[in-house]
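Data first, discussion second: the structure below is written as structure tokens.
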Amino acid sequence: MINVVAIATQFRNELLVMNARAMDDLTNRWRMVEAALKAEIEALAFQMSQAKAEGQTVSESQLYANDRYHALLVQLQRELAKYNADAAALIQAQQLSFASMGAEQATAWLRYSGAIQGSFYQLGSGAFENIAALARAGNPLADLLSAAYPATAQAITDELLKGLALGKNPRTTARNMVNDGLTTSLNHALLITRDQSVRAARLATLQQYQTSGLTTAYMRIAARQRRTCLACLALDGTVYPTNVMMPLHPQCRCAILPILRNRAPLAMSTGKEWFLEQSAKTQRDMLGPGRYGLWKQGAFQFEDLATVHSGGVWGANAQVTTVAALQRIGQ
Ligand SMILES: [Zn+2]
């Protein structure tokens, strides 16, 4: 018997390795943004620190009237636009390789499931462009990326005001503005890359199942790790028709296993069974004290840990059920 969970883990790891490379590229390219803004940020931190030393109060509204602050925001927007253009190209390329990998994994799953006897239609590279567009749910990558600008400008401003309020050395304030404020944009880009890549891979897997003509349903497999989302573990083993994407959450890494016509799905233990094998401490750590208390009282079933909301731009999403909602189930 093949170990379904081990194969799913191996496939997940292949994607993680590919992702790590893109993360490194984006982070390295980020150094150029930091370098371009460093002098301007330091000059502003020194000027404001000086103003404060001279007895002036420095507030957010006063900053808006400051030329140097304005110049920094203009430069920030320009540097982020350049960075985001590079990031968009990288994410686009990344989506295509993830889609290709997702389709390969689908083919492997079909073989493991016993479909190898028949031939089936395999997705060609032309399909991947389409999948990349679907993964963005109609949002251009540029729009997704540029959404970080207002938050980044605010984060830099907050760090500056915080540094001034605490009377920090302007050099320290400038460093915090770069490390804690400016990186808001980098983190946003990294998040989008991870999310978009995984979506593209999963969509390609699903599309490969659909076009193969061999399957009409698939089963969800969650990772079995302490940090696995509880909603995913609770939904593990759920069967969905291939014409719908299962409910996801941001950065969900659940795999999808084809169920062939007239064949039993590959055997595997469920997320619930895995959870029940864990020590009381692990269970408590994963559930948190509130849910754990209710779980021990038998106030809810394991499946109740997932709450599914339908609709939304990104499709149906799965969330971990709140303690309050679990409490209501028990009453
Ligand atoms: Zn998941």
Side-chain angles (χ1 to χ4, degrees), residues 3-20 23 95 98-99 101-102 105-106 108-109 131 134-137 190-209 217-242 244-259 265-266 268-278 282-283 285-288 291 300-322 325-326:
N3 187 338
V4 172
V5 173
I7 294 167
T9 304
Q10 183 204 322
F11 283 177
R12 193 174 294 117
N13 288 343
E14 285 171 8
L15 294 175
L16 284 177
V17 169
M18 248 167 44
N19 221 20
M23 300 284 126
Q95 282 183 319
F98 267 70
M101 181 76 100
Q105 293 184 348
W109 278 126
I131 287 165
L134 279 173
R136 295 196 288 273
L190 294 177
L191 191 89
I192 289 179
T193 311
R194 266 196 295 267
D195 187 55
Q196 286 292 309
S197 308
V198 175
R199 276 177 195 280
R202 198 185 290 106
L203 266 170
T205 305
L206 185 56
Q207 204 131 321
Q208 178 61 79
Y209 292 160
Y218 64 94
M219 189 188 275
R220 178 182 199 123
I221 318 177
R224 280 121 168 91
Q225 289 166 345
R226 290 172 59 130
R227 60 189 178 86
T228 301
C229 162
L230 288 167
C232 291
L233 267 184
L235 291 170
D236 182 278
T238 309
V239 173
Y240 306 89
T242 47
V244 296
M245 179 51 82
M246 63 191 178
L248 302 169
H249 60 87
Q251 307 199 53
C252 174
R253 299 198 185 278
C254 288
I256 59 178
L257 187 68
I259 300 176
L266 289 169
M268 65 167 195
S269 61
T270 63
K272 177 184 176 180
E273 285 162 353
W274 176 86
F275 183 82
L276 294 176
E277 287 164 8
Q278 304 308 302
T282 301
Q283 291 186 358
D285 289 349
M286 289 183 72
L287 291 174
R291 289 188 192 88
F300 65 89
Q301 301 295 308
F302 191 74
E303 293 72 22
D304 295 328
L305 281 168
T307 299
V308 172
H309 301 279
S310 59
V313 189
W314 302 102
N317 68 80
Q319 281 170 350
V320 183
T321 310
T322 61
L326 289 173

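Read the numbers this way: they start at 1 and go in the same order the structure lists the ligands and their atoms. Numbering of residues begins at 1 and proceeds along the displayed sequence.
Taking every heavy atom of both residues into account, Val198 and Cys252 meet most closely at CG1-O, 3.3 Å. Taking each heavy atom of Gln225 and Met286 in turn, the nearest pair found is O-CE, 3.7 Å.
Each of Met219, Met268, Glu273, Arg220 was scored for a side chain to side chain contact (heavy atoms under 4.5 Å, CB included) with Asp236, with one residue passing: Met268. With respect to Tyr218, the side chain to side chain contact (heavy atoms under 4.5 Å, CB included) criterion is satisfied by exactly one of Val239, Thr205, Thr242: Thr242. Residue Thr307 is tested with Thr322, Thr321, Asn317 for a side chain to side chain donor-acceptor pair (under 3.5 Å); the sole match is Thr321.
Around atom CD of Gln301, no more than 12 heavy atoms belonging to other residues, nucleotides or ligands sit under 6.0 Å away.
Near the Zn ion (ligand 1), less than 2.8 Å away, sit the protein N, O or S atoms Cys232 SG, Cys252 SG, Cys254 SG.
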